[in-house]
Amino acid sequence: NRDVQDALLDVARFWLDKGVDGFRIDAINFAMHDPELRDNPPAPNGGKRTRPFDFQQHLYNQSHPDIVKFLERLREVTDSYGERFTLAEVGGEHALKEMKEFTQGGRRLNSAYGFDFLYAEQLTPGLVASIAEAWPEDAGWPTWAFENHDAPRAISRWASEEHRDTFARTKMLLLCSLRGSITLWQGEELGLPQVDVPFERLQDPEAIANWPQTLSRDGARTPMPWQSDAPHLGFSTAEPWLPVGKSHARLAVDRQDASADSLLQFTRNCLRLRRAHPALHHGSINVTRADDQVLVFERAADGERLRCTFNVSDRPAAFDLSGKKIIATGDLDDGMLGAYSAVIEEIA
C-alpha cells in the first residue's frame, strides 16, 4: 500500500531529523502480505516444531517481490541525510538469497544479517566456510552476529562448560575476523552463558509456550552484570523483570575492567585490531581449509595479507605457524593448535 509506505518514510524522516545514524529493520522479508490474503499451507511432517511459525509453509506472508521497491525508496531518504546506515534482519529458509537481494547494487540497504549463526547448534568450519563463500565481494556487504535477543547464548550452545573461557576468546576473534560488519549482543564481550530462568520467572510468551523444550530467549535477556558485589549485580536497585545469572557475578564488568587478561579486554583488543588492519576491516576473504576441526581463511586488502586459523574443536589439531603472528589465543605449541585456540598471522 503506497499510503502505508509514505507514512513509514515520514516516520524515518522524523527520526533522521532528530539525528539518528540509521535504522535496523526487523524481519524485513515479512513486511508485506499477500494481496489476496491467502492462508499459508501446513508444513510437511518432520523437522523441529516449537512455534506456530514452524507449522506453516511461508508462501504468502514472506518475501513479497515489492519489498525491494520500498527499500529503494527508504535508501533514497536515508542517503539524502548524508552518511547513514541501514541494516536488515532477514530470517527464513532463503535468508542468504534475500540478504543479497536487499543489499544489491548500492540502491537498497547498506547491509543485512540472518540467522545462520544465531540458530546453529554447533560452530563448525564447514558452516563458516559455506557462509563466507556465499558472500563474494560482488554480493554486497553482510553483517554477522553470533548472539542476539532472539537466540540462546552461543557460548552455551557451542561449548561445554569446561572449555567456555577458552572458547569465548576464539569465538570473539573469529567474529572480528569475518568479512562484513559485526554486532555484539550485550554481555557477549563478557562471555556470559545462558541463564536457566525458572518457569515462574519467564516473561517471553514463546518461552512459556515451549517450556521446557527449548532454551528460552529470556535466558539471553537477563540483566547486565555491572558490579559483582552489588544487589542485582548493579543493574537496578529494584527487583529486575528477569533474574540475574548466578554465574554472572564473576564475569561482571567491574571485575573484567580491572583485569588486563579478561575477555572484556581481549574483546577491546580484537576490535582495535580489526580497525587497524585493512585486511580485517574491509578486505576480501578466501577459505583455504575447513575440515572437522580447523578453519583457515585469508583476508587481503591494500597490499596486506593475513591468515586466520581457528581450531573450533575440543581437541588439539596439527598446525604450521609460518607467518608473523599478530594475535593469538589458547595454546600454540610444537606444531599443534590447542582445543578452541586461534592465531592470525601476517603472510607474504
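The shortest side-chain heavy-atom distance between Asp150 and Glu89 falls under the 4.5 Å cut-off. Between Arg164 and Pro193, the closest side-chain pair of non-hydrogen atoms falls below 4.5 Å. Side-chain contact between Asp204 and Ser216 is absent, with no heavy-atom pair separated by less than 4.5 Å. For the pair Leu109 and Phe23, the minimum side-chain heavy-atom distance is 4.5 Å or more. Using a 4.5 Å cut-off on side-chain heavy atoms (C-beta onward), Leu174 and Leu123 make contact. Leu295 is not listed as a side-chain neighbour of Val312, based on a closest heavy-atom distance of 4.5 Å or more. Within the 4.5 Å cutoff, the side chain of Trp135 has no heavy atoms near those of the Leu178 side chain. Put simply, the side chain of Asp292 does not reach to within 4.5 Å of the side chain of Pro125, judged on heavy atoms.
Trp141 and Ser181 share a donor-acceptor pair across their side chains, judged by distance under 3.5 Å alone. Glu98 and Ser63 form a side-chain donor-acceptor contact under 3.5 Å, judged by distance and modelled atom types alone. When only modelled atom types and interatomic distance are considered, Ser322 and Arg307 share a side-chain donor-acceptor pair under 3.5 Å.
Contact detail for Leu175 and Ile182: the closest heavy-atom pair is O-CG2, 3.2 Å. Shown here for Ala168 and Leu263, the closest heavy-atom pair between the two residues is CB-CD2, 3.7 Å. Across every non-hydrogen atom of Ile344 and Ser177, the tightest pair is CD1-OG, 3.4 Å. The shortest heavy-atom contact between Ala290 and Ala129 is CB-CB, 3.8 Å. Between Gln265 and Ser259 the shortest heavy-atom distance is CG-O, 3.0 Å. In terms of heavy-atom proximity, Leu280 sits nearest to Cys308 at CD2-SG, 4.3 Å.
Counting heavy atoms of neighbouring residues, nucleotides and ligands inside a 6.0 Å radius, atom NE2 of His282 exceeds 12 of them. Within 6.0 Å of NE2 on His94 lie no more than 12 heavy atoms contributed by other residues, nucleotides or ligands. Within a 6.0 Å sphere centred on CG of Asp6, heavy atoms belonging to other residues, nucleotides or ligands number more than 12. The 12-atom threshold is exceeded at CZ of Arg38, counting heavy atoms of other residues, nucleotides or ligands nearer than 6.0 Å. Remark: Glu83 CD is loosely packed, at most 12 non-hydrogen atoms of other residues, nucleotides or ligands lying under 6.0 Å away. Counting non-hydrogen atoms of other residues, nucleotides and ligands closer than 6.0 Å to NE2 of His33 gives a total of 12 or fewer. More than 12 heavy atoms of other residues, nucleotides or ligands shown are found within 6.0 angstrom of CD on Gln57.
One finds the CD1 atom of Ile285 at 10.5 Å from the CD atom of Glu298 (value rounded to the nearest 0.5 Å). The CZ atom of Arg272 sits 11.5 Å away from atom SG of Cys176, with the distance rounded to the nearest 0.5 Å. Atom CD of residue Glu188 and atom CD of residue Glu147 lie 4.0 Å apart, to the nearest 0.5 angstrom. For the atom pair Glu189 CD and Cys270 SG, the distance stands at 12.0 Å (nearest 0.5 Å). Between the CZ atom in Phe319 and the OG1 atom in Thr309 there is a gap of 4.5 Å [rounded to 0.5 Å]. The distance from atom CG of Leu127 to atom CG of Asp116, rounded to the nearest 0.5 Å, is 7.0 Å.
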Audit row: Phe167, Asp314, side chain to side chain contact (heavy atoms under 4.5 Å, CB included) steps and yes/no: CA-CA 9 Å; Phe167 174 75; Asp314 60 0; over 6 Å; no

Verdict with supporting geometry, Arg13 and Tyr81, side chain to side chain contact (heavy atoms under 4.5 Å, CB included): CA-CA 9 Å; Arg13 292 187 185 94; Tyr81 283 78; 3.7 Å; yes

Side chain to side chain contact (heavy atoms under 4.5 Å, CB included) between Tyr340 and Thr329, intermediate numbers included: CA-CA 9 Å; Tyr340 299 121; Thr329 182; over 6 Å; no

Please walk me through it: do Gln203 and Val197 pass side chain to side chain contact (heavy atoms under 4.5 Å, CB included)? CA-CA 10 Å; Gln203 304 293 336; Val197 180; over 6 Å; no

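Between the side chain of Asn210 and the backbone N or O of Glu206 there is at least one donor-acceptor pair closer than 3.5 Å. Between the side chain of Arg153 and the backbone N or O of Val195 there is no donor-acceptor pair closer than 3.5 Å. Formation of a donor-acceptor pair under 3.5 Å by the Glu304 side chain with backbone atoms of Ala279 is found in this model. Side chain of Arg108 to backbone of Thr103: no donor-acceptor contact under 3.5 angstrom is found. Side-chain N or O atoms of Arg299 include one that pairs as donor or acceptor with a backbone N or O of Ser284 at under 3.5 Å. Between the side chain of Gln293 and the backbone N or O of Pro316, at least one donor-acceptor pair lies under 3.5 Å. Within the 3.5 Å criterion, the main-chain N or O of Gln62 finds no donor-acceptor partner in the side chain of Asn29.
A salt bridge does not link Asp66 with Arg2: none of the charged nitrogens is closer than 4.0 Å to a carboxylate oxygen. Comment: Asp320 does not engage Arg289 in a salt bridge, judged by the lack of any side-chain N to carboxylate O separation of less than 4.0 angstrom. Salt bridge annotation for Glu345-Lys325: absent, with no cationic side-chain nitrogen under 4.0 angstrom from a carboxylate oxygen. Using a 4.0 Å cut-off between charged nitrogen and carboxylate oxygen, Glu137 and Arg179 do not count as a salt-bridge pair. Comment: Asp196 does not engage Arg201 in a salt bridge, judged by the lack of any side-chain N to carboxylate O separation of less than 4.0 angstrom.
Note on Met172 and Ile326: same hydrophobic cluster, where clusters join Ile, Leu, Val, Met, Phe, Trp and Tyr whose side-chain heavy atoms are under 4.5 Å apart, directly or indirectly. Hydrophobic clustering keeps Leu337 apart from Leu173 (ILVMFWY residues linked when any side-chain heavy atoms are closer than 4.5 Å, directly or through intermediates). Tracing side-chain contacts under 4.5 Å through hydrophobic residues (I, L, V, M, F, W, Y), one never reaches Leu87 starting from Leu74; they form parts of separate clusters. Hydrophobic clustering (ILVMFWY, side-chain heavy atoms < 4.5 Å, transitive): Val4 and Met32 are in one cluster. Under the 4.5 Å side-chain contact rule for hydrophobic residues, Tyr113 and Phe85 share a cluster.
The only member of Tyr119, Trp185, Trp158 that meets ring-ring contact (aromatic ring centres under 6.0 Å, His included) when paired with Phe146 is Trp158. Of the candidates Arg250, Gln256, Arg255, Ser228 forms a side-chain hydrogen bond (donor to acceptor under 3.5 Å, both in side chains) with just one, namely Arg255. Just one residue in the list Asp79, Thr78, Asn110 forms a side-chain hydrogen bond (donor to acceptor under 3.5 Å, both in side chains) with Thr86, and that residue is Asn110.
Ring-plane geometry between His58 and Phe53 is classed as parallel, the angle between the planes falling under 30 degrees on a 0 to 90 degree scale with a further cut at 60.
For Trp226, there are no ring pair (Phe, Tyr, Trp, His ring centres under 6.0 Å) partners at least two apart in sequence or on another chain.
In this structure, Leu59 belongs to a hydrophobic cluster whose other members, linked by side-chain heavy atoms under 4.5 Å apart, are Tyr60.
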